[in-house]
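What follows is a single structure, written as C-alpha cells, with notes after it.
Counting begins at 1 with the first residue of the sequence. Counting starts at 1 for both ligands and their atoms, following the listed order.
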Amino acid sequence: MQTNQNNPNYQNIEIETYSEDELKIIKEGKVEIKFPNFDKVSSDAPVFYNPKMEFNRDTSILALQAYQKEVDREISICDLFGGSGIRGIRYKKEINAVEDVSINDISPLANEFTRINAELNDVEVKIEQKEANNELRANMGRFDVIDIDPFGTPSPFVDSAGYNLKRDSLLCLTATDTSCLCGTYKEPCIRKYNAKPYKSEYCHENGIRILIGFAALTLAKYQKYIEVKMSHSSEHYMRTYLKVKKGSKATDKSLKNIGYIAHCKHCLYRKEYKGLASSIPEYCPECREKLIIAGPMWLESIQNREFIDSMIEIAAEKELNQKDKVLKLLNSCKIEANAPSTFYDIHKVCRALKISAPKLDKVFDKLEEKGFIAVKTHYSPLGIKTNATNKELMDIVEELVEK
Ligand SMILES: C[S@@+](CC[C@H](N)C(=O)[O-])C[C@H]1O[C@@H](n2cnc3c(N)ncnc32)[C@H](O)[C@@H]1O
Ligand SMILES: [Zn+2]
C-alpha cells in the first residue's frame, strides 16, 4: 500500500507555513481549490492534486448523479481518499440531492486544505482523519456511495468497503497500478488481485475485468453482489462504478460471471471459460501452441447502456471542462456494452498474416456486411470488437488486402 506517510513534509507542516505565493488556486467544474504548489504530480506532494484526474472527476459527477437519479432519494457520499478535498467538494456542490459528503484522509495537512477549500466554496462537508479501512469499519451501512481513489491499488480497501456497503449502494474504484493489472508485472497482480494477468493487445480491458472480478469475489463473502454500471481505462488509470446488491443466492449466481480467458499468441485465438473451476485445454485447438490463461476476471458486460444513457443526458445540465471528451468516452462505452470481452488489434492481425494493414473502416464494413458485431473500442484506436473468430476476421482482412 502506497501512502505519503513517510514524506518528511507531511507530518508536521501547518497551513500557516505556506505564504500565498507558495499556494496555487485552480478552477474545476463549479469549484476553486487551493493547495501547496509542487513541481511534479507525485505521492510526495504535501497535498495531492492531479490536474489529469479532472476527466475522472467530471465523469464521476455524471455517474454519481445518474446513480442518485436511479435510487431517487438523497444520497450520502464518502470520499475515502480526499487529498485537497476537490472530489468530495465537487460532489457536494455539483450533484443534486446530496444529503452529506464525508471527506477522509489520513493526512492532517490534506484535511486542513479540505477545510479551507470547503469554506472557499461555501459548502459543508464532514472531515475525517482515519486510515481508510478504519473509516469504513467504523461507519457500517452509513454511505450510499463509497469512492475509493487512492495512490496505486484500491485492493487493500475493497474488503472493508464490502463490509460497509449497504443494499443498492455504489462503489467507485480507481486503480492506477495499471502495469500490474495489464500484465507487465505478473506477481504484484497475483498478490493484489489474486489473478493472473496477461499482456495482450486487450490487456487494459482484461485489467479492468480482473479488478471487477476481484471486487465481486471480495464482496461475495458478505453476501453482496455487483451490477457493473460503467468502466473505463483512461490515461494512467482504470475506473469502474459498481452497484451493490444483497442476497446469498443471487451472489452465488453472479459469481458464475467470473472466469478465465485462454489466449493463443501465435494465431490470436481466444476463448472465455466461465466458472472458477472450469476445465481449460492446454493447447490451442487451431495451431497447437500452448494457451496462455488469464484470470479469474469478470466476463459479463462491464458497461450498462441505460446507466450510460442517463449519464449522457445529465451531461447537458452540468458545467464540466472535459465535457466533450467525457461524452466521447461515454458514447464509445455504450457501444461496447453488448460486444465480446476482448478485441483484436488490426496491426497484430496483419503481422500474424504477414500482410500490410487495410483501412480499418473497410474491415468494420465487411464484418457488418457478413452479419458480425463490429464496434470500435475506447481502449485502442486500432481495436476491433467483434464476435467473428480469429479465422473469420483474418479471412476478411486477407480478402480486403488482396483486392
Ligand atoms: C490519490 S490521492 C487522492 C486524490 C483525490 N481523491 C482527488 O481526486 O484529487 C490519495 C490520498 O490518500 C491519502 N491516503 C493515503 N493512504 C491512506 C490511507 N491508508 N487511509 C486514508 N488516506 C490515505 C493520501 O494522504 C492522499 O491525500
Ligand atoms: Zn493458436
Side-chain angles (χ1 to χ4, degrees), residues 1-7 9-11 13 26 28-29 31 33-36 38 41-61 64 77-91 101-114 117 125 127-138 145-158 160-161 172-177 200 236-237 239 262-271 281-292 348-349 352 389-391 394:
M1 187 185 337
Q2 209 187 348
T3 73
N4 60 4
Q5 286 171 45
N6 299 327
N7 176 356
N9 292 331
Y10 162 80
Q11 295 276 352
I13 290 186
I26 57 92
E28 229 187 78
V31 306
I33 296 290
K34 201 184 250 192
F35 53 88
F38 51 79
V41 175
S42 104
S43 56
D44 285 339
V47 173
F48 187 83
Y49 168 76
N50 187 352
K52 280 198 175 154
M53 288 305 231
E54 180 179 28
F55 181 71
N56 178 321
R57 288 182 286 267
D58 279 5
T59 310
S60 302
I61 297 280
L64 268 63
I77 302 172
C78 170
D79 175 8
L80 195 59
F81 297 87
S84 64
I86 187 164
R87 185 176 288 268
I89 293 170
R90 286 193 62 187
Y91 289 169
V101 175
S102 287
I103 303 182
N104 178 71
D105 201 293
I106 203 165
S107 151
L109 186 65
N111 289 337
E112 197 47 20
F113 273 92
T114 294
N117 285 324
V125 293
I127 299 171
E128 296 282 356
Q129 194 189 313
K130 293 210 186 78
E131 196 287 321
N133 286 296
N134 293 340
E135 170 70 356
L136 294 177
R137 296 276 164 182
V145 178
I146 295 177
D147 195 322
I148 300 190
D149 181 47
F151 293 133
T153 179
S155 83
F157 314 106
V158 177
S160 299
C172 317
L173 295 175
T174 308
T176 58
D177 54 338
S200 61
H236 63 294
Y237 65 92
R239 175 85 165 158
H263 179 96
C264 174
K265 65 176 182 213
H266 182 66
C267 74
L268 308 184
Y269 166 90
R270 70 277 312 259
K271 191 172 161 140
E282 207 176 331
Y283 295 98
C284 176
E286 287 176 16
C287 74
R288 307 309 302 160
E289 188 81 11
K290 200 162 172 16
L291 287 170
I292 297 152
K348 251 195 153 166
V349 170
T389 63
N390 54 325
K391 276 188 92 201
M394 283 176 172

Quiz prompt | From Q129 atom CD to L109 atom CG, the distance as rounded to the nearest 0.5 Å | solution = 10.0 Å

Quiz item: Can you check whether R57 has an N/O within less than 3.5 Å of an N/O in ligand 1?
Solution: yes

Quiz item: E28 pairs by salt bridge (Lys or Arg N to Asp or Glu O under 4.0 Å) with which of R90, K52, R87?
Solution: R90

Quiz prompt | Residues forming a ring pair (Phe, Tyr, Trp, His ring centres under 6.0 Å) with Y91, sequence neighbours excluded | solution = none

Exercise. Specify the closest pair of heavy atoms between S107 and D105, including all atoms of both residues, with the distance to one decimal.
Key: N-OD1, 2.9 Å

Quiz item: Does Y49 have its ring centroid less than 6.0 Å away from the ring centroid of F113?
Solution: no

Quiz prompt | Distance-only N or O hit between ligand 1 and Y49, under 3.5 Å | solution = no

Practice problem: Kindly confirm or rule out an N or O of F48 lying under 3.5 angstrom from an N or O of ligand 1. | Solution: no

Quiz item: Which one holds for D149 and ligand 1: side chain close, backbone close, both close, or neither close, with close meaning a heavy atom under 4.0 Å?
Solution: both

Quiz prompt | Region of E131 that comes within reach of ligand 1 [heavy atoms, distance under 4.0 Å] | solution = both

Quiz item: Which protein N, O or S atoms does the Zn ion (ligand 2) have within a distance shorter than 2.8 Å?
Solution: C264 SG, C267 SG, C284 SG, C287 SG

Practice problem: From the options F35, F151, F81, select the one whose nearest heavy atom is closest to atom 18 (C) of ligand 1. | Solution: F81

Quiz item: So do V145 and C172 actually touch side chain to side chain, heavy atoms under 4.5 Å?
Solution: yes

Quiz item: Using the benzene-type ring in the case of Trp, are the ring centres of F157 and F81 under 6.0 Å apart?
Solution: yes

Quiz item: By number and element, which atoms of ligand 1 are closer than 4.0 Å to a non-hydrogen atom of G83?
Solution: 27 (O)

Exercise. Taking salt bridge (charged side-chain N to carboxylate O under 4.0 Å, His left out) as the test, write out the residues that go with E128, two or more places apart.
Key: K126, K130

Quiz item: Is S84 in polar range of ligand 1, meaning some N or O pair under 3.5 Å apart?
Solution: no

Quiz item: Can E289 and K265 be said to form a salt bridge (Lys or Arg N to Asp or Glu O under 4.0 Å), step by step?
Solution: CA-CA 8 Å; E289 188 81 11; K265 65 176 182 213; 5.8 Å; no

Practice problem: Give the atoms of ligand 1, by number and element, whose distance to some non-hydrogen atom of K130 is under 4.0 Å. | Solution: 20 (N), 21 (C)

Quiz item: Considering residues at least two apart in sequence or located in another chain, which fulfil the salt bridge (charged side-chain N to carboxylate O under 4.0 Å, His left out) criterion with R137?
Solution: D159

Exercise. Could you tell me whether N104 and ligand 1 have an N or O pair separated by under 3.5 Å?
Key: no

Quiz item: Just wondering, do L291 and R270 contact through their side chains at under 4.5 Å, heavy atoms?
Solution: no

Quiz item: If you count the atoms of ligand 1 from 1 in the order shown, which ones are under 4.0 Å from a heavy atom of A132?
Solution: 18 (C), 20 (N), 21 (C)

Practice problem: Give a yes-or-no answer on whether the side chains of R239 and S60 include a donor-acceptor pair shorter than 3.5 Å. | Solution: yes

Practice problem: Can you sort out which atoms of ligand 1 are near S107, meaning under 4.0 Å from one of its heavy atoms? | Solution: 25 (O)

Quiz item: Distance from S84 atom OG to K34 atom NZ, nearest 0.5 Å?
Solution: 13.0 Å

Quiz item: In ligand 1, which numbered atoms sit nearer than 4.0 Å to a non-hydrogen atom of G82?
Solution: 5 (C)

Quiz item: If you measure from each non-hydrogen atom of P150 to ligand 1, which part falls under 4.0 Å: side chain, backbone, both or neither?
Solution: backbone

